[in-house]
Novice: 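Input: one structure, supplied below.
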Amino acid sequence: MVVLTGMVLTLIHTGLLNAQVTYELADGFEAEQLFSYDAGAPFTLQLGGLAFSPEGEPVVSEGGEIRIHCKDGGRVLASFQPAVFGSFLVMGPGGLNAWFGESSEQNIYRVPLDGSGAQLVDRVGFNFDMVFAPRAARREIAGRGFISGLGASPGHSVWLLDDDPEAPNDEIVANISPFSGPITFDPAGNLYLVTSGLTDSETGMASEKLVRFSPAQLAAAVGEGALQLTDGELLCTGMGGYYDLAWLDDKLYATSLGFQSGVGSIDTIDPGMAFSRNAFARLSIGTEPGGGMIYLAANAGSESFEPGAGQRGGSLLASYGNYVDASGVTRFTPELHFLRSDANGDETVNLSDAVFVIAYLFLDGERPRINEASDINADGALDLADPVYLLNFLYRGGPQPPAPFPGVGAEPR
Ligand SMILES: [Ca+2]
Ligand SMILES: [Ca+2]
Ligand SMILES: [Ca+2]
């Protein structure tokens, strides 16, 4: 018997009195609460970074620890005594190490996923975010780490990771004003940066900017003079409180603390639509929209992050909080669309589907692409009762398969 449950995650901290968290979510997506934490904990014990392992397991910095949440529970990768104020947690190229930045001691650590402990590798003042250039990017930047943080000038900067806590880092972008915020790469090696600022002192409007630097610009800045913020391409402005950025498929996603709107959200920023911004998820805590969306990580799937793909479409992991009574992590995935009883996936339902399930269960046959479609009686298990149910329906006037049937759709809630 094959039991059809998704990844089961163990809650490390349970029994906390957290307010109910809900989302107003884009059509065709699902939100799943994974973890909740002590919202009133000291800042050094709050969530301080979020990443995905190559297997899609959440990796978190929280409570003075860095943990990976494997299918069989949480495992501590590193702990800090005293706890430090986490800035970021990102996965390195190859997926063997997470990189953890903190702004208590301004250190950057490499944290192997094999649990061998944190190693101090670099130091950048008030480090805020870090991202590795894709391996397919230009040779000068491929696979190298970029860190936003305090600048050498009055503004802030983006620095190149150099794996040396003593040596000064190579400055890639200088004079980011007022603060350097989240950074991410697209697969072509363009760097996206949000200048983090509250409001413009003259207009009173949010003044954040999304700026892009090309791989050629970045390559030229390595070992040469730093780029200025104004060298970048200004893509959009007027956001307020973007905290983290991630690229997934062909779009940017950004978490918003909600400074501008009063409501924490995840926004999509679509390069195919002139970088227009739309809400992907809007947060409600208790009965009221509000709170902030904070850290964001993306895990690309084998299919597009679009309704219908289910877990094969990848997922977003985001944290939320209001520092009063809500703090936790949510995973967002596309809804799975399927036709129940179409086990072989040819979009028709007939005898060959019953044969397909029997072959899979007993004759080492091909694995169903969508397990849920083969769970013909919708009892959560895949066993002989499923083809029997279908044969009974097809030839003996038995009940039809439960929804989604006879058309493709989502599992009823
Ligand atoms: Ca250094
Ligand atoms: Ca079929
Ligand atoms: Ca079943």
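Note that ligands are numbered from 1 as they come in the structure, with each ligand's atoms numbered from 1 the same way. If you read the sequence from its start, that first residue is 1, and numbering goes on from there. Fair warning: this is a prediction, and the values are worked out from it, not measured in the lab. Scope of the values below: all heavy atoms of this structure, side chains included, with no hydrogens, waters or symmetry mates.
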Novice: Looking only at N, O or S atoms, find the one in D379 nearest to the Ca ion (ligand 3) and name it.
Specialist: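 Nearest N/O/S atom: OD1.
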
Novice: Taking 3.0 Å as the upper limit, name the protein N, O or S atoms near the Ca ion (ligand 1).
Specialist: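 The answer is D122 OD1, D162 OD1, D162 OD2, D164 O, A167 O, N169 OD1.
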
Novice: Regarding E347, does it place an N, O or S atom less than 3.0 Å from the Ca ion (ligand 2)?
Specialist: no

Novice: Using a distance threshold of 3.0 Å, state whether an N, O or S atom of T348 lies below it from the Ca ion (ligand 2).
Specialist: yes

Novice: Of all the N, O or S atoms in D375, which has the shortest distance to the Ca ion (ligand 3)?
Specialist: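 This turns out to be OD1.
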
Novice: State the CD1-CZ distance between I66 and R75, to the nearest 0.5 angstrom.
Specialist: 13.0 Å

Novice: Is the distance from the Ca ion (ligand 3) to some N, O or S atom of N377 under 3.0 Å?
Specialist: yes

Novice: Which atom name would you report as the N, O or S atom of D346 nearest the Ca ion (ligand 2)?
Specialist: OD1

Novice: Please round to the nearest 0.5 Å and tell me the distance separating atom CZ of R212 and atom CZ of F185.
Specialist: 13.0 Å

Novice: Is any side-chain N of the basic residue among R67 and E62 closer than 4.0 Å to the acidic one's carboxylate O?
Specialist: yes

Novice: Quick check: does S341 put an N/O/S atom under 3.0 Å from the Ca ion (ligand 2)?
Specialist: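 No - counting backbone and side chain alike, S341 has no N, O or S atom under 3.0 Å.
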
Novice: Going through the checks in order, is the side-chain contact (heavy atoms from CB on, under 4.5 Å) test met by W99 and V111?
Specialist: CA-CA 6 Å; W99 300 74; V111 183; over 6 Å; no

Novice: N/O/S of A381 less than 3.0 Å from the Ca ion (ligand 3)?
Specialist: yes

Novice: Can you see which heavy atom on I269 is nearest to which on A254, and at what distance?
Specialist: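 Where I269 meets A254 most closely, the heavy atoms are CD1-CB, 4.2 Å.
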
Novice: For D364, look at atom CG and say whether over 12 heavy atoms of other residues, nucleotides or ligands are found less than 6.0 Å away.
Specialist: no

Novice: Does E411 form a salt bridge (charged side-chain N to carboxylate O under 4.0 Å, His left out) with R340? I'd like the steps, not just the answer.
Specialist: CA-CA 9 Å; E411 186 120 33; R340 194 179 304 279; 2.8 Å; yes

Novice: Would you check if the side chain of T195 reaches a backbone N or O of S180 as a donor-acceptor pair within less than 3.5 Å?
Specialist: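 A pair under 3.5 Å: no.
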
Novice: Using the six-membered ring wherever Trp is involved, compare the ring planes of Y243 and Y295 and label them parallel, tilted or perpendicular (cut-offs 30° and 60°).
Specialist: perpendicular

Novice: Specify which N/O/S atom of D386 comes nearest to the Ca ion (ligand 3), by atom name.
Specialist: OD1

Novice: Answer yes or no: is there an ion pair linking R369 with E303, defined by an N-O contact shorter than 4.0 Å?
Specialist: yes

Novice: So F43 and F85, would you call those rings parallel, tilted or perpendicular, with 30° and 60° as cut-offs?
Specialist: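 Rings of F43 and F85: parallel, under 30°.
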
Novice: To the nearest 10 degrees, how large is the angle at the Ca ion (ligand 2) between D353 OD2 and D342 OD1?
Specialist: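 Seen from the Ca ion (ligand 2), OD2 and OD1 are separated by roughly 120°.
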
